[in-house]
Amino acid sequence: MKTGMKHYLESARLSFMLIGAILTGLTLVFPVLGFLQWFTMIPIFIGVYRMAEDRSVRLRRAYLYGFLTVFAYYFVIYHWFCALYPLDFAGLDPASAVVVIIAGWAGLSLLQAIPGGFVFLFYKLLQKNGAFERVPVLRPIAFSALWIIFEWSSTLHWTGVPWGRLCLGQASYLPMLQSASLFGSYFISLLILLVNGLLAYAILYCVGKIKKVRLLSLCAASLVLLNLLLGCCLMALNSPSNESVRVAVVQGNISSHEKWGENSRELTKEIYGEKTRLAAKEGAQIVLWPETAFPNRLNASFNSDLLEFVTDLARECEVTLVIGALYEDSEGGEYNALYWIDPDGSVSEDVYAKRHLVPFGEYVPMRELITALIPPLADLSVLQSDLSAGSDPALFESSYGRIGSLICFDSIYEQLTLDSVREGAKLMLLSSNDSWFFDSAAIYQHEAQARLRAIENGRYLVRSGNTGISSIVSNTGEHLVYIDPLVDGYGVADVELRETQTLYTHVGNLLVYACIGFCATLLALGWIDSYKKRREEILK
């Protein structure tokens, strides 16, 4: 009977966590539901509290709870892998495409779940060591801090993809994102966690204690309202810069399916040439093209016709062109790059090389192992060989000041934009290729990441995508230009060149280090208390 009850409680606990994970994942898939995010993690917290208190639950069981919860969360978010089918542009047959999509969907969720499980394991360890005995209300703070450490850890290795940050669920509510300019996007995630954790604590531990329930509920509501008011104030007090430049984004709607076709060069020349001329007539001074608008080495001698075309176009339109293409250095290394071409047709020696490459898209990590286990995954890249990654911000020196760049995947790693702004970038340019995802949730999630980068560092950000989304975003994340996916077009707007730095630009991810220090301190204090108790028992 006891064994049956135990299994029932464990199943109920896990089900609770999985429901919370699925609901929270849906708020990232449909950001318009982001207001629900302040409640959807309550089941996860309740399950975690109960799991940690249950002495029969071992550390490995706690890890399993976390692994499954995080896997469910990311499995919902990464559902857009289905949109990649049939992957015919990569030369895969239908069966191989299915294998690759399943491997990507489940595999990437698995790679996030492996470290995610340690959040629950370490929380169980804190409970086991008595870290919450003196101050029980530290429970929600501790779990929230551990989750933030997990979110940040996803930026440290190729296996971690910070696509599922909780703060992205607030993408439809601009005022809620503004505090990222003070403490980074992790601060918004932390607020979401704390609100859910406090409400779960009130539900679980304060039944019949009306005053405590009111106090905890008031604290949770205050965190939401204060963040909202702070965001409104920051947007209202935002002061304009005295410097500006007129920029344009061009979206040719030439997908990855067409980019490597026989007539792709001529098609690209025709469409991008036309849109650039139209943008120039509207006064554009800088025109941004998307990632690998030409999937060729623009500086290679056998592609001289391409280089001649873009330099002639820059002279004709009297604009600066920033063009995505491949780049080969003197040692034979090949890079995904951005070229800067001045209005006089001269090509800058400064070339920005993408710093964070896409695994299996631009290179194959652990190539021998992957080739042996999942051959179609190793053949997914349409490139003949692995690309090399850039190693520095490589700002463009221009008459407008220093201009920073990002390419596609770069934009989801906050440190890269932070480095560029610290190096003196007054404006950020972002070329992307999201055509793999068609019109799925992935492209909206990706564009939301770019808006966060703009807010964090107080910089206008210009984003051009092959098939969309292309946008021009202010330093508060507002859209000055927005071009829907899967259409061709262009957009022109005046953007500010800004030199002032936000608090976040100065302090970086200090909040993450504070979370690490907080959890380490709790763990140490718990060990010290346990040691003292054991010593007292021995002395007795």
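Just the heavy atoms: all of them, side chains too, but no hydrogens, waters or symmetry mates, feed the values below. Everything numeric here is computed off the predicted structure, so don't read it as measured data.
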Classify the angle between the aromatic ring planes of [X] and [Y] as parallel (below 30°), tilted (30 to 60°) or perpendicular (above 60°).
{"X": "F67", "Y": "F71", "value": "parallel"}
{"X": "Y123", "Y": "Y49", "value": "tilted"}
{"X": "F294", "Y": "W289", "value": "tilted"}

Do [X] side-chain atoms and [Y] backbone N/O form a donor-acceptor pair below 3.5 Å?
{"X": "R165", "Y": "S189", "result": "no"}
{"X": "R402", "Y": "E423", "result": "yes"}
{"X": "Q112", "Y": "T159", "result": "yes"}
{"X": "Q449", "Y": "F409", "result": "no"}
{"X": "Q170", "Y": "G34", "result": "yes"}
{"X": "S440", "Y": "F437", "result": "yes"}
{"X": "S241", "Y": "L497", "result": "yes"}
{"X": "Y65", "Y": "L121", "result": "no"}
{"X": "S411", "Y": "A450", "result": "no"}

Do E499 and K426 pass the salt bridge (Lys or Arg N to Asp or Glu O under 4.0 Å) test, and can you show the C-alpha distance, the side-chain angles, and the key distance before you say yes or no? CA-CA 6 Å; E499 293 184 341; K426 294 183 175 182; 3.1 Å; yes

Does K354 pair with E291 as a salt bridge, N-O distance under 4.0 Å?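 Salt bridge: yes.
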
Are [X] and [Y] an aromatic pair by the rule of ring centers under 6.0 Å?
{"X": "F143", "Y": "F45", "answer": "yes"}
{"X": "W80", "Y": "W163", "answer": "yes"}
{"X": "Y504", "Y": "F183", "answer": "no"}

As an exercise, state the distance from CH2 of W105 to CD1 of I101, rounded to the nearest 0.5 Å.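 Output value for this atom pair is 10.0 Å.
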
Which distance, rounded to the nearest 0.5 Å, do you find between the CZ of R498 and the CG of L427?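 R498 CZ to L427 CG: 11.5 Å, rounded to 0.5 Å.
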
Between Y73 and T24, is the side-chain contact (heavy atoms from CB on, under 4.5 Å) condition met? List the steps. CA-CA 7 Å; Y73 172 65; T24 305; 3.7 Å; yes

Could you tell me if N227 and S179 have a donor-acceptor pair between their side chains, going purely by distance under 3.5 Å?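 Distance-only check passes for S179 and N227.
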
Do we see a donor-acceptor contact under 3.5 Å between the side chains of H356 and D410?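 No donor-acceptor contact under 3.5 Å links the two side chains.
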
Member of P290, P485, S432, S435 meeting the side-chain contact (heavy atoms from CB on, under 4.5 Å) criterion with T467: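 That would be S435; it is the only one of P290, P485, S432, S435 passing the side-chain contact (heavy atoms from CB on, under 4.5 Å) with T467.
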
